[in-house]
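First comes the structure, then the notes that go with it.
In this text the structure is predicted, and so the values were computed from the model without any measurement. Sequence lines set the chain letters: A, B, ... in the order given, protein chains first and strands last, and positions in each chain run from 1.
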Number of protein chains: 2
Amino acid sequence: MEGLDQIDTQILDLLQHDARVTTKELADKLGLTITPVSVRIKKLEEAGYIKRYVAILDRDKVGKALIAFTSVQLREHTQSALKAFEQKSVKIKEVMECYRLTGNFDFLLKIAIRDMREYNDFLMNKLSTLPNIGSVQTYFVLSEGKSETAYPLDINLSAR
Amino acid sequence: MEGLDQIDTQILDLLQHDARVTTKELADKLGLTITPVSVRIKKLEEAGYIKRYVAILDRDKVGKALIAFTSVQLREHTQSALKAFEQKSVKIKEVMECYRLTGNFDFLLKIAIRDMREYNDFLMNKLSTLPNIGSVQTYFVLSEGKSETAYPLDINLSAR
DNA sequence: TCTGAAATCGTAATCAC
DNA sequence: GTGATTACGATTTCAGA
């Protein structure tokens with residue numbers, strides 16, 4: 001699959017906001033019939049543009065009321081030390097996201113837990129047991145102004 | 001709906017990893033038939049445990065190769081200044097996530113862009129036009145070790 | 001690459017148990 | 001909760017433009 005046209009991009013954008021939209025609805029919005037839309041979706045899936053479909057849960061309702069961003073600096077910055085930290089930290093179930101960053105800390109982790117007690121358990125019994133940890137700083141989320149899984153696609157509106 | 005039992009929790013966990021799993025597959029995994037599984041999913045949706053279903057796209061393939069975490073400190077910390085920043089920043093399309101944080105910066109933004117040129121445009125023409133900005137620090141993502149939308153649910157495995 | 005019809009498959013709703 | 005039936009809607013396939 002070589003490149004996306006405007007219709008592909010619009011399909012992706014609609015699906016990344018609502019994956020339950022029916023092919024018929026998509027077809028109507030795009031001014032097409034079901035068949036080509038269905039074919040395009042399948043191609044987008046097979047070519048890997050769509051990685052997967054997931055349900056987004058209500059964080060509070062499933063008991064993960066607390067989100068923390070934990071930044072980590074390692075003591076040693078060899079390639080193997082960086083790799084080792086990454087490989088081990090992502091195995092901790094509370095770690096939803098793990099990024100290696102530029103700037104004055106090495107890793108940023110997003111942690112989902114029930115409460116402060118669970119964060120303490122994460123910090124003391126899980127994160128701190130990893131080798132080579134230098135300094136750790138924690139930032140708790142006070143409020144979530146936006147939390148979007150959809151990427152900001154560039155849709156050329158004149159193309160309709 | 002008052003509380004989740006082990007079966008509900010397992011349904012949620014399976015759906016937050018793969019929303020395309022069929023009711024039949026869920027039923028088989030849970031040792032039930034389609035009917036009760038179908039009823040439970042509907043209840044979970046109606047009670048708001050499942051907020052929505054989305055497609056997760058391939059970031060590189062859709063041209064958002066660069067992710068930045070941008071931390072912002074405001075000059076003034078009145079309630080109205082904080083609220084105003086949050087309300088305005090979330091309207092910027094490149095801002096996928098916006099959190100108000102404890103600790104030594106006020107907001108953390110996750111920014112998805114094509115490249116450094118687009119980040120510069122975001123910073124110069126969008127973020128910096130918001131009122132009350134004190135200091136801004138940017139951390140670019142060098143590698144994404146884990147990027148999960150699923151919350152770490154506690155599944156009591158002994159319950160099967 | 002599209003349209004439109006036909007066949008297939010999954011889901012939702014209903015029922016007796 | 002099971003298991004069967006039904007009806008509906010979505011998806012896939014295919015002929016044809």
Can you list, pair by pair, the side-chain donor-acceptor contacts under 3.5 Å of residues 103-110 of chain B, counting residues two or more places apart and other chains?
| from | atom 1 | to | atom 2 | distance (Å) |
| --- | --- | --- | --- | --- |
| B:Asp106 | OD1 | B:His77 | NE2 | 3.1 |
| B:Asp106 | OD2 | B:Leu74 | N | 2.8 |
| B:Asp106 | OD2 | B:His77 | NE2 | 2.7 |
| B:Lys110 | NZ | A:Tyr99 | OH | 3.2 |

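- B:Ser38 places no side-chain N or O within donor-acceptor distance of the main-chain N or O of B:Thr35, the cut-off being under 3.5 Å.
- Nucleic acid contact for B:Lys43: none, since no nucleic acid atom lies under 4.0 Å from a heavy atom of the residue.
- Residues B:Gln73 and B:Ser135 have side chains that bring a donor and an acceptor to within less than 3.5 angstrom of each other.
- Using a 4.0 Å cut-off, no side-chain N or O of B:Thr22 falls inside it from OP1 or OP2 of C:dG10.
- The separation between A:Tyr53 atom OH and C:dG10 atom C1' is 16 Å, rounded to whole Å.
- Within 4.0 Å of A:Lys24, counting heavy atoms only, lies no atom of the nucleic acid at all.
- At whole-Å resolution of the value, CG in A:Leu26 and P in C:dC2 are 14 Å apart.
- Using a 4.0 Å heavy-atom criterion, one finds that B:Ile34 contacts no nucleic acid atom at all.
- Dashed line: the shortest gap from a side-chain N or O of A:Lys42 to OP1 or OP2 of D:dA10 is not under 4.0 Å.
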Check the pair B:Arg114 / B:Asp121 against salt bridge (charged side-chain N to carboxylate O under 4.0 Å, His left out), numbers first and verdict last. CA-CA 11 Å; B:Arg114 170 177 295 276; B:Asp121 178 57; over 6 Å; no
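- Within the nucleic acid shown, B:Arg40 comes within 4.0 Å of sugar-phosphate atoms alone, with no base atom in reach, counting heavy atoms only.
- Rounded to whole Å, the distance from CG on A:Leu15 to P on D:dA10 is 14 Å.
- Note: CD1 (B:Ile41) to P (C:dA13) measures 12 Å, nearest angstrom.
- With hydrogens and angles left out, the side-chain atoms of A:Glu25 and A:Thr22 include a donor and acceptor closer than 3.5 Å.
- When the C1' atom of C:dA12 is taken as reference, atom CG of B:Leu44 falls 16 Å away, rounded to whole Å.
- For the OP1/OP2 pair of C:dG10 and a distance below 4.0 Å, the side-chain nitrogens and oxygens of B:Thr23 include no atom meeting the criterion.
- At whole-Å resolution of the value, CD in B:Glu25 and P in C:dT11 are 9 Å apart.
- Among the atoms of the strands shown, base atoms are found under 4.0 Å from some heavy atom of A:Thr35.
- When rounded to the nearest whole Å, the span between CZ of A:Arg20 and C1' of C:dG10 equals 11 Å.
- Across the protein-nucleic acid pair, A:Asp18 atom CG and D:dA10 atom P stand 13 Å apart, rounded to whole Å.
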